[in-house]
Amino acid sequence: SQASATTLDSKRTLVWLAVLRVVLASAALVVLGIYLLIEPPEGPYIETWQYQVIGVTYALTIVYLLLLRGDRALGTLAWAQVGLDGLTVSVVVLFTGGAESIFSFAYIFVVLASSVSLARRSAFVAAGLVSAMYWVVLLLQMQSILQTLPTLSLSSGVYSFVVHASGMLLVAWLGSRLAETARATSMQLAETAFDYEQLQELHAAILRSLPTGLLTIDPAGRVRFANEAAQNILGSTSDELLTRSLASVVPTMADAWRQERDSDFASARARRQVEHQRADGADIRRGYSFALLESGRGACGVVFQDLTEV
C-alpha cells in the first residue's frame with residue numbers, strides 16, 4: 001500500500017543518514033590520526049575530546065540503528081537524529097573556537113539532513129532548533145562563561161548568528177523543495193510501476209483465456225509461452241512445453257517457422273493446416289498462422305486452432 005511504501009521510504013532515508021554519520025565520523029577519525037602523525041602533541045597532556053565525540057557518535061548511531069529495526073516512531077527518531085547531530089556539531093564548535101570555528105558550516109548538513117527526513121514545515125522548525133543551538137554557543141562565548149573561548153562582542157555574535165541562521169533557513173527551504181520533488185517523483189514512478197504490473201497481469205489473463213491456442217517462440221526456436229488453450233490442444237502441460245524447441249513440441253510446424261524466419265515473416269499471416277499427433281497419441285488437424293513479435297529478430301507468436309471436428 002501507499003502508506004507502507006511511504007514508511008519504508010522514510011525508514012530507508014533515516015538508515016542512510018545514520019550510515020552517513022558513521023562515514024563522516026570515521027573520516028574525521030582518519031584525518032585526526034594523520035594530523036597527530038604529522039604533528040605529534042608536545043608535553044604529557046593530550047586532548048581527547050575529539051575521540052570522545054567520535055566514540056559517542058558511534059555508540060549513538062548503533063543504538064539508533066537498533067531502534068530503526070521497528071517501524072514505529074519514525075518521526076520521533078527523525079527528530080532525535082536532528083537533535084543529536086545538532087548537539088554533536090555544537091560540541092565540536094565549542095571546542096574549536098566558537099564563532100571562529102571552521103566547523104560551524106557543519107550545521108548546514110544537519111539542516112539538510114532534516115529537510116530530507118522531515119516535511120517542509122518540520123524542516124524549518126529543525127533549522128530554527130539548530131540555529132538556537134548555535135546561539136547558545138555564541139551566548140556562552142559572549143558571556144565569557146567558557147574561558148577557553150576567545151572573547152566575542154555582542155554585535156559580532158548577533159552578526160554571526162544572523163548569517164548562519166539565514167543560511168540554515170535557506171538550506172531548509174531549498175532542501176525541503178528538492179526532497180518533496182524527489183518524493184513526488186518516486187511516488188509517480190511507484191504508481192506507474194504498479195499500473196504496469198496490473199497491465200501485465202491483465203494481458204496475461206487475456207492470453208490465458210483466449211479460446212485459440214497461442215505459443216510464443218524466441219529467435220532460437222524455443223517456446224516461451226503457451227496459453228491454456230494451446231496446452232489443451234497439444235495435450236501437454238506448460239512444464240512440458242516451455243523452453244523446449246518448437247521442433248520437439250510440434251515438429252510439423254518447425255519447417256514453416258524456419259522458412260518464415262528466414263524471410264522475416266513476409267507471409268506470416270498466411271493460414272496453414274497441418275496434421276499432428278498429440279502427446280496422448282491422438283491425431284488432430286490444426287490450422288495455424290504466425291505473427292511477428294520483434295522485427296528482424298525471429299521472435300514470433302503462433303496462433304492455432306483444432307480443426308479436427310470442423
Side-chain angles (χ1 to χ4, degrees), residues 1-9 11-12 15-16 182 185-310:
S1 64
Q2 183 174 348
S4 60
T6 302
T7 300
L8 181 61
D9 185 63
K11 185 175 181 179
R12 188 183 296 112
V15 170
W16 275 110
T185 302
S186 178
M187 292 181 62
Q188 290 176 355
L189 290 175
E191 291 175 358
T192 301
F194 180 72
D195 292 341
Y196 181 70
E197 290 177 359
Q198 286 188 319
L199 183 61
Q200 281 187 315
E201 292 177 359
L202 176 62
H203 183 259
I206 292 174
L207 293 179
R208 285 194 301 268
S209 62
L210 285 176
T212 57
L214 174 64
L215 299 176
T216 59
I217 314 299
D218 67 12
R222 292 184 295 269
V223 178
R224 290 303 183 184
F225 174 80
N227 68 349
E228 293 180 4
Q231 297 172 40
N232 292 333
I233 294 173
L234 298 176
S236 302
T237 64
S238 61
D239 292 336
E240 294 171 339
L241 295 175
L242 298 183
T243 70
R244 293 184 60 189
S245 66
L246 182 62
S248 63
V249 173
V250 193
T252 50
M253 286 185 183
D255 290 338
W257 171 78
R258 293 189 189 95
Q259 293 174 4
E260 291 295 337
R261 181 193 60 182
D262 295 340
S263 64
D264 200 17
F265 295 88
S267 57
R269 296 187 179 183
R271 190 70 176 175
R272 300 173 175 84
Q273 291 189 20
V274 69
E275 300 292 333
H276 174 69
Q277 187 177 59
R278 289 161 41 110
D280 57 7
D283 292 324
I284 61 174
R285 186 173 76 255
R286 291 194 316 276
Y288 68 96
S289 62
F290 296 104
L292 181 63
L293 298 181
E294 297 181 56
S295 179
R297 297 186 180 181
C300 70
V302 184
V303 182
F304 56 94
Q305 291 177 305
D306 187 355
L307 304 179
T308 305
E309 302 298 330
V310 178

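Values reported hereafter were calculated over all heavy atoms of this structure, with side chains retained and with hydrogens, waters and symmetry mates removed.
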- Message: Pair Thr243, Arg224 - check side chain to side chain contact (heavy atoms under 4.5 Å, CB included), show working.
- Response: CA-CA 6 Å; Thr243 70; Arg224 290 303 183 184; 4.0 Å; yes

Considering all heavy atoms, the nearest [X]-[Y] contact:
{"X": "Trp257", "Y": "Ala220", "result": "CH2-C, 4.1 Å"}
{"X": "Arg285", "Y": "Asp306", "result": "O-OD1, 3.4 Å"}
{"X": "Arg258", "Y": "Ala247", "result": "NH2-CB, 3.9 Å"}

If I take atom [atom1] from residue [X] and atom [atom2] from residue [Y], how far apart are they, to the nearest 0.5 angstrom?
{"X": "Phe304", "Y": "Ile284", "atom1": "CZ", "atom2": "CD1", "result": "8.0 Å"}
{"X": "Thr252", "Y": "Leu246", "atom1": "OG1", "atom2": "CG", "result": "8.5 Å"}
{"X": "Leu215", "Y": "Asn227", "atom1": "CG", "atom2": "CG", "result": "7.5 Å"}
{"X": "Gln305", "Y": "Arg271", "atom1": "CD", "atom2": "CZ", "result": "5.0 Å"}
{"X": "Ile217", "Y": "Glu260", "atom1": "CD1", "atom2": "CD", "result": "13.5 Å"}
{"X": "Asp239", "Y": "Gln231", "atom1": "CG", "atom2": "CD", "result": "8.5 Å"}

- Query: Under 3.5 Å, side chain of Thr216 to main-chain N/O of Phe225, donor-acceptor pair present?
  - Reply: yes

